[in-house]
Amino acid sequence: MSQKITIATRKSQLAMWQAEHAAHLLREAHPSLEVELLPMVTQGDIILDQPLAQIGGKGLFLKELERALLRGEADIAVHSMKDVPVEQVDGLEVEVLLPRANPFDALLDRSGRRLDELPAGSRVGTSSLRRQCQLRALRPDLELADLRGNVNTRIGKLEAGEYDAIILACAGLERLGLERYITDTLEPPRWLPASTQGTIGVQSRCGDDRVRELLAPLNDAEASLRTRAERAVATALEGSCQVPLAVYAALENDRLDLNALVGTPDGTEVLRAQASGPVSDLDRIAEGVSKELLAQGAGRIIASLRED
């Protein structure tokens, strides 16, 4: 007798792609499994006229999906891991990570220019405090403006001339076949991405052994290690979208290289820390990076932003 699993997902094109991707992997691993999608609209999709940092953060993209899991209306939910708060909801877990896609940020410029080539005064769209911090530190001569909406909506605003350039995640563009719009890839060490950017996480109910067994073949060991390292730093620094925090873990030949930064939204202060070592020392490396940032004054920056 065939089994069935229901996936809760947002209705955006990118979210649906991610859910369909997870469904495809599940069907490959379990040919007799029936997989059904449950598309939903979240508060993060509805409130588009305010920056996320002011209305509750990226967790707004998850709440309705998580309620569906807790009510038993769905068995799993598929999320961009960078949207998943470091504090998990009681009764739910994200223990399965799919292979990581391109983790970096992309500049999309209407005239095909790279970041260093943008003229002074160019209007650049992004609502991410992390991106704003790094942009203002590197190019204080640019004009930054808030930008919300799904990927296609943001590109439409760029093409309509509302912005000279915008910044989006490479992973989302590549997954939707829109990489042709990328004019510059913003990479470490100069520019750091959000913790776990490019990684898809699968959320399920704690103690649901049937679902856990079905999901087990999908978990990617490297993505899990990198996620663990990056979220350890984000957790230590109470990371949220109210804090300009960037963390990036690279793995090569069982060696971990971890970079992180905390800054002020205006880019006048950017603190950086880096550490490397064998993967077996992952927890120690993450702790070292966190402590170095705190020693430089990250706690003061975070506290001031939370007061604001």
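These numbers were taken from a predicted model, which means no experiment stands behind them. Residue numbers run from 1 in the order of the sequence given.
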Supply the atom-to-atom distance [X] [atom1] to [Y] [atom2], rounded to the nearest 0.5 angstrom.
| X | Y | atom1 | atom2 | result |
| --- | --- | --- | --- | --- |
| Leu108 | Leu168 | CG | CG | 5.5 Å |
| Leu256 | Arg284 | CG | CZ | 10.0 Å |
| Thr227 | Glu222 | OG1 | CD | 10.0 Å |
| Met16 | Thr9 | CE | OG1 | 6.0 Å |
| Leu192 | Leu186 | CG | CG | 11.0 Å |
| His79 | Thr196 | NE2 | OG1 | 12.0 Å |

Using a 3.5 Å distance criterion without hydrogens, assess whether the side chain of [X] forms a donor-acceptor pair with backbone atoms of [Y].
| X | Y | result |
| --- | --- | --- |
| Arg272 | Leu261 | no |
| Glu66 | Val89 | no |
| Arg139 | Leu115 | yes |
| Ser128 | Arg130 | yes |
| Arg205 | Leu69 | yes |
| Asn219 | Leu97 | yes |
| Arg27 | Glu34 | no |

Taking all non-hydrogen atoms of both residues, which atom of [X] and which atom of [Y] are closest, and how far apart?
| X | Y | value |
| --- | --- | --- |
| Ala137 | Pro140 | O-CD, 4.1 Å |
| Lys157 | Leu147 | CD-CD1, 3.9 Å |
| Leu65 | Arg10 | CD2-N, 3.9 Å |
| Leu218 | Pro99 | O-CD, 4.5 Å |
| Cys170 | Ile182 | SG-CD1, 4.2 Å |
| Thr6 | Leu38 | CG2-CB, 4.0 Å |

Going by atom types only, do [X] and [Y] share a side-chain donor-acceptor pair under 3.5 Å?
| X | Y | answer |
| --- | --- | --- |
| Glu292 | Ser290 | no |
| Asp105 | Gln134 | no |
| Asn102 | Glu174 | yes |
| His30 | Gln3 | no |
| Gln13 | Asn150 | no |
| Ser122 | Glu143 | no |

Can [Y] be reached from [X] by stepping across I, L, V, M, F, W or Y side chains whose heavy atoms are under 4.5 Å apart?
| X | Y | value |
| --- | --- | --- |
| Leu305 | Leu294 | yes |
| Leu26 | Val78 | yes |
| Ile76 | Leu214 | yes |
| Ile285 | Leu245 | yes |
| Leu129 | Leu144 | no |

Worked verdict on Gln18 versus Ser80 for side-chain hydrogen bond (donor to acceptor under 3.5 Å, both in side chains): CA-CA 8 Å; Gln18 294 178 164; Ser80 294; 3.1 Å; yes
Less than 4.0 angstrom from a charged side-chain N to a carboxylate O is my criterion; do [X] and [Y] meet it?
| X | Y | value |
| --- | --- | --- |
| Asp281 | Arg255 | no |
| Arg114 | Asp116 | no |
| Arg100 | Glu230 | yes |
| Asp164 | Arg113 | no |
| Glu269 | Arg300 | yes |
| Asp75 | Lys4 | no |

Have a look at Leu118 and tell me which of Leu135, Val124, Thr183, Asp184 forms a side-chain contact (heavy atoms from CB on, under 4.5 Å) with it. Val124
Check whether any side-chain heavy atom of Leu138 lies under 4.5 Å from a side-chain heavy atom of Arg190, and answer yes or no. yes
Once salt bridge (Lys or Arg N to Asp or Glu O under 4.0 Å) is applied, what residue pairs with a partner in residues 88-98 remain, sequence neighbours excluded?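 Those involving residues 88-98 are Glu93-Arg212.
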Tell me, with the steps shown, if Ser195 and Gln197 meet side-chain hydrogen bond (donor to acceptor under 3.5 Å, both in side chains). CA-CA 6 Å; Ser195 166; Gln197 183 162 299; over 6 Å; no
Once ring-ring contact (aromatic ring centres under 6.0 Å, His included) is applied, what residue pairs with a partner in residues 88-147 remain, sequence neighbours excluded? Phe104-Tyr248
